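Working notes for the structure below.
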Amino acid sequence: MEIKDKYYNLCIIIFFAVLSSLMIILGLRYGRLILMFDWLFHSSRAQEIYNNLQEGQIFTFISTSTVQHIGSGTFLFYPTLFLYPWAIIHLITNAVSAYYIWYGIVTFLTFYIAYICMEKFSGNKLMSLFFSLAYTGNTYRLGIAQHMIGEFIVAAFLPIVFLGFYEVFFGKKDRWFILSIGMSLVLWTHLLTAFILVEIFIAILLIYIIVSPNRKQIIYRINSLLWSILLTVVLSVGFLYQFVFEMSSGKVSTTLLQLLNNSIPNLQEIILLSLGNSDYMNTHSIGLILIIALLLGWYFVKKSKLQLNIYIIGILLLLISSSIFPWYLFVHTPLILVQMPHRYLLFATLFLSISASYIFEKLISKYGINKYIVVVVLACSFILLYFGSQAKYYAEIRNYNPNTYLKKNLSGQSKTLPFAQVDNKNYEYQFDYKETFGESDYLPQKSVNSKALDTLINNIAYVNGRKVVTDPQSEPNRIINNLNIDTNGSTIDLPIVAYRDTYVILNGKKVPFKISERGSVKLNNLLKGKSRIVVGYSPSRVYYYMVGISTIGWLVLLIMFIFRRKNAINYQEIN
């Protein structure tokens with residue numbers, strides 16, 4: 001007996017919720033984390049939001065309690081919207097549990113969004129279920145969960161983006177808003193992913209225009225694309241406005257513009273790691289299921305033009321992520337922005353998951369296997385493959401390890417965060433260390449040379465050229481220094497970086513300031529005596545208007561969706 005449609009979706013939600021819970025149960029039980037690579041860059045931002053929420057401040061613009069209290073503006077340039085749930089969960093539970101629960105929520109969303117998008121694309125529930133499991137459980141996505149956190153989050157939204165792209169150019173063009181929803185969610189999560197998506201879309205369209213006899217179709221659908229772009233801007237302007245405003249100064253450093261050679265895997269490495277279903281401490285594996293789909297897929301997809309194209313795109317993206325692609329020829333092109341070519345594996349996993357689900361559905365249909373048995377086998381296989389891929393990680397956190405357990409960093413010592421084990425007792429020790437990657441990202445360009453950066457992160461001020469170690473006090477979006485000035489007319493260079501909307505309050509009065517040669521706040525002609533100096537960041541009213549526009553845009557979309565769904569249900573009941 002078939003499950004009624006109105007209950008089927010609930011069953012799917014429960015199914016994904018159970019799987020997501022099983023994926024975090026050991027992490028919650030052991031209560032430990034392993035800190036790797038880019039972890040500190042993201043955990044610092046989540047911690048800053050958490051600290052500010054405790055003080056009743058919703059908006060976070062600069063780091064004051066983390067990143068050595070230098071006022072780093074990563075929040076202005078790197079989206080943080082989806083770190084708020086992590087911080088909010090931390091308000092009601094401990095730090096380690098908060099991360100794992102947040103991880104489970106993001107994983108559940110990835111499961112469910114992938115399922116819904118594939119169902120819209122294929123109309124096949126079983127194929128959609130397999131796609132969701134294959135895509136969400138691929139070892140590349142699992143492997144980036146504790147360091148490349150921006151991409152881990154954005155993986156949840158990629159199925160929406162590609163469904164929207166398909167609808168705009170090849171499907172029902174009146175569904176152009178799907179592309180807007182997907183792209184705006186990406187922009188609110190990870191800008192570099194948006195850049196790569198545009199690359200991929202342009203490449204697909206160019207190839208289509210060259211090989212397709214129906215080139216006029218693209219021109220016919222440009223109107224839908226333009227509407228989609230306009231809506232994307234509306235939904236994203238709440239973040240994009242301040243990003244563009246601060247970047248337009250041309251005085252802010254960005255991420256390192258060079259290829260990281262250790263991030264370019266060779267094809268053999270990808271295949272072998274994937275066959276071993278390994279993800280621990282590497283980002284060069286896509287998992288056993290997807291590598292089998294890649295190696296055997298041609299036989300199954302060759303008779304379907306659409307599936308063959310999807311399969312080929314998946315293979316091409318995987319090859320681009322490897323050393324087979326001549327990356328050295330593109331070091332002076334915009335492609336260098338990706339830094340780590342293995343990022344393309346995230347997109348390869350999406351297309352190969354579609355191929356894998358198509359192959360799976362063909363086999364099930366051919367042999368007429370009972371669907372309920374299939375679901376049980378799929379669930380068991382997923383759990384076994386997941387825990388197999390995570391075995392080394394759980395072995396690392398199962399017990400206290402004195403060799404990797406993070407020690408407290410002594411004040412004034414500029415040390416990079418090591419590979420380390422943390423629990424709730426030493427979790428906050430990490431914020432006294434330098435970030436492995438990203439310590440200088442989005443600082444003023446003057447601040448990024450090693451000498452200037454070291455003095456900043458060690459909280460060294462210069463009073464009339466003399467070094468003074470400060471003891472800053474942190475408040476939401478502002479840093480307070482209390483200093484004794486020996487002589488009238490003194491100059492002080494504070495270890496706090498400055499941006500366009502930075503302000504300074506001296507002894508209760510807002511005062512002008514200069515920017516020093518290390519990109520920090522500099523005050524001249526200070527009077528003798530005690531000085532209370534507050535350095536903070538406050539955007540203009542226009543910023544809040546832009547946030548309001550984006551919020552209204554999302555609310556209107558939600559209302560339209562509710563009415564559209566209600567009308568669809570009423571129509572089905574009438575018929």
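Just so it is clear, the model here is predicted, and its values are computed rather than measured. The figures that follow rest on heavy atoms only: side chains count, while hydrogens, waters and symmetry mates do not.
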Show the nearest heavy-atom pair for residues Leu318 and Leu352, with the distance to one decimal. CD1-CD1, 4.3 Å
Rounded to the nearest 0.5 Å, what's the gap from CG on Leu28 to CD1 on Ile101? Could you check? 5.5 Å
Taking all non-hydrogen atoms of both residues, which atom of Ala155 and which atom of Thr110 are closest, and how far apart? O-CG2, 4.3 Å
Within the structure provided, determine whether Tyr166 and Leu179 are in side-chain contact (heavy-atom separation under 4.5 Å). no
Less than 4.5 Å apart, any side-chain heavy atom of Arg398 and any of Leu26? no
Give a yes or no on whether the backbone of Ile181 and the side-chain of Ser184 come within a donor-acceptor separation of less than 3.5 Å. yes
Candidate list Tyr208, Phe347, Phe201, test ring-ring contact (aromatic ring centres under 6.0 Å, His included), partner Phe165, passing option: Phe201
From Arg141 CZ over to Leu158 CG, what is the distance, rounded to the nearest 0.5 angstrom? 11.0 Å
Is Leu267 atom CG crowded by more than 12 heavy atoms from other residues, nucleotides or ligands, each under 6.0 Å away? yes
When rounded to the nearest 0.5 angstrom, what distance separates CG in Leu81 from CG in Leu185? 8.5 Å
With a 3.5 Å distance limit and no angle check, can you tell me whether Glu167 reaches the backbone of Lys172 through a side-chain donor-acceptor pair? yes
With Met118 as partner, the option from Ser128, Ser353, Pro159 fulfilling side-chain contact (heavy atoms from CB on, under 4.5 Å) is Ser128
Show your reasoning for whether side chain to side chain contact (heavy atoms under 4.5 Å, CB included) applies to Ile364 and Phe130. CA-CA 11 Å; Ile364 295 302; Phe130 188 87; over 6 Å; no
Would a distance-only check, ignoring hydrogens and angles, find a side-chain to backbone donor-acceptor pair under 3.5 Å from Ser550 to Val234? yes
I need the minimum non-hydrogen distance between Ser285 and Thr139, along with the two atoms involved. OG-OG1, 2.7 Å
Specify whether Phe77 and Phe243 have parallel, tilted or perpendicular ring planes, treating 30° as the upper limit for parallel and 60° as the lower limit for perpendicular. perpendicular
Chi angles and distances behind the side chain to side chain contact (heavy atoms under 4.5 Å, CB included) call for Asn138, Leu346: CA-CA 9 Å; Asn138 78 78; Leu346 178 60; 5.7 Å; no
Quick check: does any side chain N or O of Arg221 sit under 3.5 Å from a backbone N or O of Gly171, one acting as donor and the other as acceptor? yes
Atom pair CD1/CG of Ile200 and Leu197 - distance to nearest 0.5 Å: 6.0 Å
Could you tell me whether the side chain of Ser365 and the main chain of Lys362 form a donor-acceptor pair under 3.5 Å? no
Residues Leu187 and Phe239: closest non-hydrogen pair is O-CD2, 3.8 Å
4.5 Å side-chain heavy-atom contact, Ser355 and Ile310: yes
Minimum heavy-atom distance between Ser322 and Leu319, given as atom pair plus value: OG-O, 2.8 Å
Measuring centre to centre across the rings, with the benzene-like ring taken for any Trp, is Phe300 within less than 6.0 Å of Tyr311? no
Around atom CH2 of Trp554, are there more than 12 heavy atoms from other residues, nucleotides or ligands closer than 6.0 Å? yes
Any side-chain heavy atom of Ile229 within less than 4.5 Å of one from Met183? no
Looking at residues at least two apart in the chain, or sitting in another chain, which of them share a ring-ring contact (aromatic ring centres under 6.0 Å, His included) with Phe131? Tyr135
Results of ring-ring contact (aromatic ring centres under 6.0 Å, His included) for Phe382 - residues two or more places apart only: Phe111
Run Leu142 and Met23 through side chain to side chain contact (heavy atoms under 4.5 Å, CB included) and show every step you take. CA-CA 10 Å; Leu142 297 176; Met23 292 171 71; 3.9 Å; yes
Compare every heavy atom of Trp86 with every heavy atom of Trp102, then report the nearest pair and how far apart it is. CD1-N, 3.3 Å
Evaluate the side-chain proximity of Leu557 to Phe561: yes if any heavy-atom separation is below 4.5 Å, no if none is. no
May I ask you to check whether Phe15 and Tyr115 place their ring centers less than 6.0 Å from one another? no
Are the side chain of Thr349 and the backbone N or O of Ile286 linked by a donor-acceptor pair below 3.5 Å? no
Can you sort out the partners of Tyr358 under ring-ring contact (aromatic ring centres under 6.0 Å, His included), two or more places apart, ordered by chain and number? none
Whether the side chain of Ser321 engages the backbone of His342 through a donor-acceptor N/O pair (distance < 3.5 Å, no angle test) should be reported. no
Name all residues meeting the ring-ring contact (aromatic ring centres under 6.0 Å, His included) criterion together with Phe177; count only those two or more places apart in sequence or in a different chain, and write none if there are none. none
Mind checking the CD-CG spacing from Glu119 to Leu129? Nearest 0.5 Å is all I need. 10.5 Å
What about Phe121 and Phe162, are their ring centers closer than 6.0 Å? no
Phe16 side chain near Ile13 side chain, heavy-atom distance below 4.5 Å: no
Here the gap from Leu273 atom CG to Ile270 atom CD1, rounded to the nearest 0.5 Å, amounts to 8.5 Å
With distance as the sole test, does Arg343 use its side chain to make a donor-acceptor pair with the main-chain N or O of Val338 at under 3.5 Å? yes
Gln146 (side chain) donor-acceptor with Ile34 (main chain) under 3.5 angstrom: yes
Pair Leu225-Phe169, side chain to side chain contact (heavy atoms under 4.5 Å, CB included): steps then yes or no: CA-CA 8 Å; Leu225 177 63; Phe169 287 102; 3.7 Å; yes
Quick one, Val106 and Phe82 - any side-chain contact, counting heavy atoms below 4.5 Å? no
The side chain to side chain contact (heavy atoms under 4.5 Å, CB included) partners of Leu288 (sequence neighbours excluded) come to Leu275, Asn277, Ile292, Leu385
For Ser180 and Ser228: C-alpha separation, side-chain torsions, deciding distance, then whether side-chain hydrogen bond (donor to acceptor under 3.5 Å, both in side chains) applies. CA-CA 5 Å; Ser180 300; Ser228 180; 3.0 Å; yes
Within the distance-only criterion (no hydrogens, no angle test), does the side chain of Ser357 pair as donor or acceptor with the backbone N or O of Ile354 below 3.5 angstrom? yes
With a 4.5 Å heavy-atom cut-off, do Ile397 and Leu33 have their side chains touching? no
Listing request: all side chain to side chain donor-acceptor pair (under 3.5 Å) pairs with a residue in residues 193-202, at least two apart in sequence or in separate chains. His190-Thr193, Glu199-Tyr344
